Amino acid sequence: MTAGAFPQARLERRRFLGLAAGAAGAAVLPGRAGASEAVELRPMPGRQQLGPAARTGEAEVWGYGGRVPGPEIRLRQGERLRAVLENGLAQPTTVHWHGIRIDNAMDGVAHLTQHPVAPGERFVYDFAVPDAGTYWYHPHNRSWEQMARGLYGALVVEEAAPPAVDRDLVLMLDDWRLTEAGAIDEDSFGSGHDWSHAGRLGNWPTVNGAPQPEIPVGRNERLRLRLANAANATVLVLRLDGMRGWTVAHDGQPSGPAALDGEVTLAPGQRVDVIADVTGGAATLMIAGRENFTAARFPVGAPVRPAPVAEPPAPLAPNPLAEPDAAAARRVELRMTGGAMRWLAEARVGERHAAHGGGTASGVLDGRTLAASGLFWAFNGVAGMPGAPFFEARRGETLEIAMVNETGWPHAMHFHGHHVREAATGLWRDTVLLGRGETARVLMVADNPGDWMLHCHMLEHQAGGMATWFRVA
Ligand code: C2O
Ligand code: CU
């Protein structure tokens, strides 16, 4: 792709610079954004306690404003968000608004929807949020490094009539790979082993950037918990102890309510909204399977009411998603291959990938040569972003997409600009978890024009070849 390919985005930037000169002192607020205010996002290094305080020191992180997570951005459904990215890192970055059915020019994908923003440069994101729900933002350039160092934050779009709860809390989970001293393990960045196996799995989880935080609650308090998995590659299996809960949304889109008895699985990139009553004398958020790791504690204080709320939560109002026309759906198939144990024998190197420094070769290469340039995975025989789209859709067309996982690993397939309906569960999702050897069928109404990425949200898999794109005319 040549310079100058993103006229709309560049115009936005110029317009901002023009404005900024005369707009000194304009309101730039973190937190709640309104129509006339902008959120300032300044990715930069910082120091923060991630590991257990008794045994480790602070880590050098990269965060928005130097903090992990970045500012929690809240706005109302239908409002516009203006966010000013000012790059305080030593490498280019962008901001992607994960799960927002956004104007394509604002999607934040380096080399596909915008130029990466160089150190010291600015970029203004300005877009409407059509759907209420729990979303998040993170870089889309070298995500495998920038997110592992702490660049992400929550984007909450409130319903016009939010459900009746006492408190609305975002819980962003991460899984860090830390050294004994509590620093971010840098030596393993780019590890071929991680890239060809399960990705960068961590050894220490945090919630909202804190090790095992304590979040005081009241007895019988009704909470809305917005859980998000910001880990590079770890699939989290979560459990709420001392609470009675219902899932009310997945990946931002209303679902259920369904009683949450037992565990809820969150793949990297996924979110789940839970409405929960504090029923026990102690409450915890547990990560199951990790010897029952206590991710957060909720010390239970004085009762908020004499007994828990009697009624289960009401369903959330649906977002304005177009209904798929299953009968008229066009079928397309994505064959997912490669990775350890079922190594690629050969694949074509994606032309876009090759053009952006990820590899130098092109044409069909053998597996050994691909691995030497960090490519271990392929979609439909292409490792990395192909020059031509996976499919081109007419606006409004329904597609039935079969994702066939022929690898020996699970994957979390993320669609940009759209939500898809998972055949197996009927849920609307923007990120679909597939077990090894599994095929997932989804229905998608291609109603958002532009070039959109489809990739594995296990970020080492994405960087190692699991990336493609589709075009909506
Ligand atoms: Cu959350 Cu393409 O990413
Ligand atoms: Cu994957």
Side-chain angles (χ1 to χ4, degrees), residues 69-70 93-102 104 106-114 116 134-148 151-155 172-174 194-201 228-235 251-252 266-271 334-342 344 352 375-379 383-385 390 403-420 429-438 440 450-470:
T93 192
T94 63
V95 181
H96 167 59
W97 311 90
H98 182 125
I100 302 290
R101 297 188 298 131
I102 202 167
N104 187 252
M106 299 288 117
D107 198 38
V109 178
H111 307 296
L112 184 65
T113 67
Q114 71 167 91
T134 305
Y135 304 96
W136 63 304
Y137 60 91
H138 63 72
H140 223 292
N141 192 52
R142 285 179 74 88
S143 320
W144 53 273
E145 178 187 7
Q146 296 189 4
M147 291 167 69
L151 285 166
Y152 58 82
L155 172 56
M172 290 201 92
L173 288 110
D174 198 353
D194 288 346
W195 287 38
S196 59
H197 290 69
R200 183 182 175 90
L201 302 176
N229 183 352
N232 272 40
T234 308
V235 177
D251 293 357
L266 269 194
Q270 289 184 332
R271 292 87 61 213
L334 191 72
R335 272 195 341 115
M336 308 162 62
T337 55
M341 302 185 297
R342 299 187 192 163
L344 293 175
R352 280 173 182 265
L375 293 171
F376 301 95
W377 311 89
F379 287 157
M385 288 284 275
F390 163 35
M403 296 180 287
V404 184
N405 180 7
E406 296 180 359
T407 79
W409 303 89
H411 301 288
M413 294 296 291
H414 174 47
F415 290 79
H416 280 227
H418 298 75
H419 277 70
V420 298
R429 305 218 71 131
D430 59 50
T431 307
V432 176
L433 178 61
L434 289 95
R436 66 169 86 153
E438 230 171 71
D451 291 348
W452 302 103
M453 253 191 113
L454 167 58
H455 62 87
C456 181
H457 218 286
M458 291 162 177
L459 303 173
E460 291 70 30
H461 293 174
Q462 177 190 355
M466 291 198 134
T468 188
W469 60 287
F470 59 92

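In this text, all values refer to a predicted model and were calculated from it rather than measured experimentally. The first residue in the sequence is number 1, and the count goes up from there. Numbering of ligands and ligand atoms starts at 1, following listing order.
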What is the name of the N/O/S atom of His98 that is nearest to atom 1 (Cu) of ligand 1? ND1
Using 2.8 Å as the threshold, say whether any N, O or S atom from His414 sits that close to atom 2 (Cu) of ligand 1. no
From atom 2 (Cu) of ligand 1 out to just under 2.8 Å, does an N/O/S atom of His455 turn up? yes
Look at His457 and state whether any of its N, O or S atoms is less than 2.8 Å from atom 1 (Cu) of ligand 1. yes
Between Asp430 and Arg271, is there a side-chain N and carboxylate O pair less than 4.0 Å apart?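 Between Arg271 and Asp430 there is a salt bridge, with a charged N closer than 4.0 Å to a carboxylate O.
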Could you tell me whether Glu406 and Arg335 make a salt bridge, using a distance below 4.0 angstrom between a side-chain N and a carboxylate O?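 Salt bridge present between Glu406 and Arg335.
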Which single N/O/S atom of His140 lies at minimum distance from atom 2 (Cu) of ligand 1?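 Going by distance to atom 2 (Cu) of ligand 1, the closest N, O or S atom in His140 is NE2.
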Given 3.5 Å as the limit, does a donor-acceptor pair link the side chain of [X] with the main chain of [Y], or not?
X: His461; Y: Leu459; value: no
X: Asn232; Y: Glu460; value: no
X: Gln146; Y: Leu151; value: no
X: Asn405; Y: Gly435; value: yes
X: Trp452; Y: Trp469; value: no
X: His96; Y: Ala110; value: no

Near the Cu ion (ligand 2) (under 2.8 Å) - protein N, O or S atoms: His411 ND1, Cys456 SG, His461 ND1
